Amino acid sequence: MTTREALFAFVKISIKGKADEKSAFDDIDWKELYETASKQGVLSTVWNGIEIQSKAGLLKLSIPDKMFWLGMVKKYEAGNDTKRQQIINFVHKIEPIRCIILKGLDYARYWPDSKQRSFGDLDIWSDGQHSEINQASLSIGGKVEGDTNSKHNEIDLGELHIENHLTFVDTTHPQGKRENEILRNVYRGDATPLLANNLLSPNVNFTALFMLKHLQNHFLYEGVRMRLVMDWGYFIEKEKKKIDWDIVMPAMKELRIKNLADFLTDYAEYLRGEREKTHIMNDLEELFFEPAMDRRLDLIHSAIRFMNRCKKRWHWRKYIW
């Protein structure tokens, strides 16, 4: 079994919570699988699948390999807990300024175990208090970098890196301004505390739209990894009955993310064993391993990025808009 085949097999086992009695898990390079799972942001998920398969007596894993994996997973999850505590410390220091969480930390709560969802930067939006967050960060020893008039600027607090959003999306063009307006209208100040009184999670309608818009951007520009796709699967399974589809569906169409929502929902159902795999799902899994596009702005690399983006847009046109 190849490393990629093992990765997807163990993810499916973990999500379904049931051992795979049909597949033969032979000749797996366990260290290569560890490295691949780490890059895809699904290390704990793969380990869950390994444990399920092993406990069912259907997988031979040596003691050294098992101890290596167990140690690395514990270290990985402890790192996520440490990052979470750093965030709590930060928001306590800037009280009473309210921070609305975007992406990583917010999405972790939809996973079966939140500590198993890794996240790097803290992305926040403050509904009008963008400059106040910058000033408060400076007052506690942080460094504020970047253009404070762009979509977001960066705050460096040592081990904690923050992206302080002024807007949800790039608003340098008319379409972006309209998309930002749609997201603001859906947000409507509707958020609930998470971990701290001034650290807030946006409502499920906003999360559905913003998560998909962020995923769409990764498809086209930065490269998409399995963790991001699994975010949607866990979110939609848990929250689909709470979403106000009369609000979200028209917004999805205007944001041009309706087809992406349908496709990713289908893929999530495949991972749960509820539907058959299609050829485009195979293409998606290959996309997980695509190198991130070069973001340097010199002419040659910009031209290559543009051509690659055009080819990708054409191939995925039925699925991401």
Side-chain angles (χ1 to χ4, degrees), residues 1-30 32-61 65-66 69-70 72-74 76-77 80 107-119 204 207-208 211-212 215 224-243 260-289 319:
M1 179 176 282
T2 68
T3 298
R4 292 187 184 185
E5 289 170 343
L7 175 82
F8 295 125
F10 286 128
V11 167
K12 284 191 68 178
I13 290 168
S14 177
I15 290 174
K16 293 169 67 175
K18 183 179 179 182
D20 181 353
E21 299 180 358
K22 298 180 180 179
S23 298
F25 292 85
D26 298 325
D27 301 321
I28 295 174
D29 186 328
W30 291 105
E32 184 176 84
L33 179 60
Y34 160 76
E35 292 171 358
T36 304
S38 297
K39 290 176 182 177
Q40 293 295 325
V42 293
L43 183 62
S44 290
T45 305
V46 170
W47 171 245
N48 292 344
I50 292 171
E51 279 200 303
I52 291 170
Q53 196 73 6
S54 182
K55 288 178 179 178
L58 299 170
L59 178 67
K60 294 181 179 179
L61 184 63
D65 283 330
K66 183 174 182 179
W69 267 82
L70 185 59
M72 297 309 292
V73 168
K74 293 297 183 184
Y76 168 85
E77 293 179 358
N80 292 338
Y107 300 166
R109 65 195 177 104
Y110 296 113
W111 285 52
D113 186 341
S114 62
K115 71 175 180 292
Q116 295 189 349
R117 201 284 188 189
S118 63
F119 51 93
V204 294
T207 299
M211 184 184 293
L212 287 168
L215 260 165
V224 64
R225 298 294 177 258
M226 196 167 192
R227 179 190 64 187
L228 299 178
V229 172
M230 288 174 61
D231 281 340
W232 176 258
Y234 286 133
F235 167 75
I236 199 65
E237 182 182 20
K238 186 173 182 179
E239 302 289 18
K240 59 187 175 184
K241 293 182 179 179
K242 297 180 183 178
I243 294 172
L260 180 60
D262 292 340
F263 172 58
L264 293 180
T265 300
D266 288 348
Y267 185 70
E269 291 174 355
Y270 156 70
L271 290 178
R272 295 198 300 268
E274 298 171 3
R275 67 167 59 235
E276 295 297 317
K277 194 176 190 180
T278 64
H279 72 89
I280 198 67
M281 292 179 188
N282 283 320
D283 290 349
L284 170 65
E285 291 180 346
E286 287 300 314
L287 202 62
F288 293 151
F289 303 96
Y319 302 96

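Below, all heavy atoms of this structure are taken into account, side chains as well, without hydrogens, waters or symmetry copies. Just so you know, these numbers come straight off a predicted model, no measurement behind them.
- Pairing each heavy atom of W69 with each of W30, the nearest pair is NE1-O, 3.3 Å.
- Side-chain contact check for R4 versus E286: some heavy-atom pair is nearer than 4.5 Å.
- Checked against side-chain hydrogen bond (donor to acceptor under 3.5 Å, both in side chains), W232 has the following partners two or more places apart in sequence or in another chain: T265.
- Of the options K74, E77, Q116, a side-chain hydrogen bond (donor to acceptor under 3.5 Å, both in side chains) to S44 is made by E77 and by none of the others.
- The salt bridge (charged side-chain N to carboxylate O under 4.0 Å, His left out) test applied to E285 returns K277, not counting sequence neighbours.
- Here the straight-line distance linking atom CZ of F263 with atom CG of L215 works out to 11.0 Å at 0.5 Å rounding.
- Here the shortest heavy-atom pairing between N80 and F119 reads O-CZ, 4.0 Å.
- Counting only distance, with no hydrogens or angles, the side chain of R225 and the backbone of G41 share no donor-acceptor pair below 3.5 Å.
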**Request:** Go through Y270 and Y267 one step at a time and tell me if the ring-ring contact (aromatic ring centres under 6.0 Å, His included) criterion holds.
**Result:** CA-CA 5 Å; Y270 156 70; Y267 185 70; 5.8 Å; yes

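- In this structure, OH on Y234 lies 16.0 Å from CZ on R109, to the nearest 0.5 angstrom.
- Every residue two or more places apart in sequence or in another chain that forms a salt bridge (charged side-chain N to carboxylate O under 4.0 Å, His left out) with R272 is listed here: E237, E274.
- T36 OG1 to F288 CZ: the interatomic distance, rounded to the nearest 0.5 Å, is 13.5 Å.
- In N282, the CG atom is crowded: over 12 heavy atoms of neighbouring residues, nucleotides or ligands sit closer than 6.0 Å.
- Here the straight-line distance linking atom CG of L70 with atom CG of D65 works out to 12.5 Å at 0.5 Å rounding.
- Under the 30°/60° scheme for interplanar angles, the aromatic rings of F10 and F25 are found to lie parallel.
- Side-chain contact check for L212 versus F235: every heavy-atom pair is 4.5 Å or farther apart.
- For I52 against A19, the heavy-atom pair with the smallest separation is CG2-N, 3.6 Å.
- Residues passing the side-chain hydrogen bond (donor to acceptor under 3.5 Å, both in side chains) test with T3, sequence neighbours excluded: E32.
- Side-chain contact between V11 and M230: present, with at least one pair of heavy atoms (C-beta onward) separated by less than 4.5 Å.
- The two residues E239 and Y110 have their closest heavy-atom pair at OE2-CE2, 3.0 Å.
- To the nearest 0.5 Å, atoms CG (L7) and NZ (K39) are separated by 12.0 Å.
- Within the model, atoms CG of L287 and CE of M226 stand 12.5 Å from one another, a figure rounded to the nearest 0.5 Å.
- Contact annotation: the side chain of T45 never approaches that of R227 to less than 4.5 Å [non-hydrogen atoms, C-beta and beyond].
- The backbone N or O of N48 lies less than 3.5 Å from no partner atom in the side chain of S14, so there is not a single donor-acceptor pair.
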Which pairs would a plain distance check flag for residues 53-61, meaning a side-chain donor or acceptor within less than 3.5 Å of a matching protein atom at least two apart in sequence or in another chain?
| from | atom 1 | to | atom 2 | distance (Å) |
| --- | --- | --- | --- | --- |
| Q53 | OE1 | D20 | N | 2.8 |
| Q53 | NE2 | D20 | O | 2.6 |

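- When all heavy atoms of A6 and I28 are compared, the pair lying nearest together is CB-CD1, 4.1 Å.
- When all heavy atoms are compared, the tightest approach of A24 to M1 is O-CE, 3.6 Å.
- Counting non-hydrogen atoms of neighbouring residues, nucleotides and ligands closer than 6.0 angstrom, the NZ atom of K66 reaches no more than 12 such neighbours.
- Judged as a salt bridge (charged side-chain N to carboxylate O under 4.0 Å, His left out), and not counting sequence neighbours, K241 has no contacts.
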